[in-house]
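What follows is a single structure, written as structure tokens, with notes after it.
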Amino acid sequence: MAGSHLPIAVAHGEGCAEFESDAHLARLERAGLVAARFVNHYGAIANRYPDNPNGSPGGMTALTTPDGRVTILMPHPERHVPGGPAFLAPRRLEGRRSWIRLFRNARVFVG
């Protein structure tokens, strides 16, 4: 799913990532552990509300472990699968539910 720009449902503004230092944040970024970021309509990292609803630095909204087996995220991808609120998706994504890939990938991973 790398490089995907997906519509997202956010139910609340909680989930702001806080780090002990800027150096710690930089280490996570260099290690490739930032799994997802909020971006604006142009694909640029969102740093402010409303494009970044929780105010996490660098638009960070998901982190993963080095082996990728555990990912934590703030958004609600389950709201963008069949039967979910399609009205939230931009017209260019109409008829596609791109977040379903997240769940399919998880299913393939566990066998």
Side-chain angles (χ1 to χ4, degrees):
M1 294 183 64
S4 297
H5 291 188
L6 306 171
I8 190 66
V10 179
H12 46 76
E14 296 179 14
C16 180
E18 295 180 5
F19 301 93
E20 59 190 44
S21 68
D22 290 341
H24 183 236
L25 172 59
R27 281 193 305 275
L28 290 171
E29 290 177 335
R30 278 193 308 275
L33 300 180
V34 178
R37 297 179 189 271
F38 289 115
V39 296
N40 64 23
H41 292 293
Y42 303 104
I45 293 173
N47 290 305
R48 291 185 306 214
Y49 185 85
D51 295 322
N52 179 344
N54 64 14
S56 288
M60 190 179 310
T61 188
L63 293 169
T64 191
T65 56
D67 63 6
R69 294 184 69 185
V70 176
T71 301
I72 58 172
L73 67 156
M74 183 273 192
H76 293 275
E78 73 278 3
R79 295 181 182 184
H80 279 279
V81 295
F87 65 88
L88 295 175
R91 277 214 161 312
R92 65 184 169 78
L93 296 176
E94 198 167 314
R96 294 173 47 210
R97 302 297 175 96
S98 33
W99 277 103
I100 195 73
R101 287 183 293 163
L102 177 89
F103 298 101
R104 286 185 181 147
N105 289 347
R107 176 66 178 109
V108 168
F109 182 80
V110 297

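- Residue Tyr42 belongs to no hydrophobic cluster, having no ILVMFWY side-chain heavy atom closer than 4.5 Å to its own.
- With sequence neighbours left out, the side chain to side chain donor-acceptor pair (under 3.5 Å) criterion links Thr61 to no other residue.
- The salt bridge (charged side-chain N to carboxylate O under 4.0 Å, His left out) pairs that include a residue from residues 46-74 number zero, where partners must be two or more places apart or lie in different chains.
- In this view, Ala31 and Leu33 satisfy the side chain to side chain contact (heavy atoms under 4.5 Å, CB included) rule, not counting sequence neighbours.
- Of all heavy-atom pairs between Met60 and Leu25, the closest is CE-CD1, 3.0 Å.
- Residues satisfying the ring-ring contact (aromatic ring centres under 6.0 Å, His included) criterion with Phe19, sequence neighbours excluded, are His24.
- Gly32 and Thr64 make their closest contact through O-CG2, 4.4 Å (heavy atoms, listed as atom of the first residue, atom of the second, distance).
- Counting all heavy atoms, side chain and backbone alike, Ala17 lies closest to Pro57 at O-CD, 3.3 Å.
- At a threshold of 4.5 Å between side-chain heavy atoms, the hydrophobic network of Ile, Leu, Val, Met, Phe, Trp and Tyr places Leu28 and Ile72 in one connected group.
- Of all the heavy atoms in Ala62 and Thr71, the pair that sits closest is CB-CG2, 4.4 Å.
- Sorted by first and then second residue, the pairs that involve residues 27-47 and meet salt bridge (charged side-chain N to carboxylate O under 4.0 Å, His left out), not counting sequence neighbours, are Glu29-Arg37.
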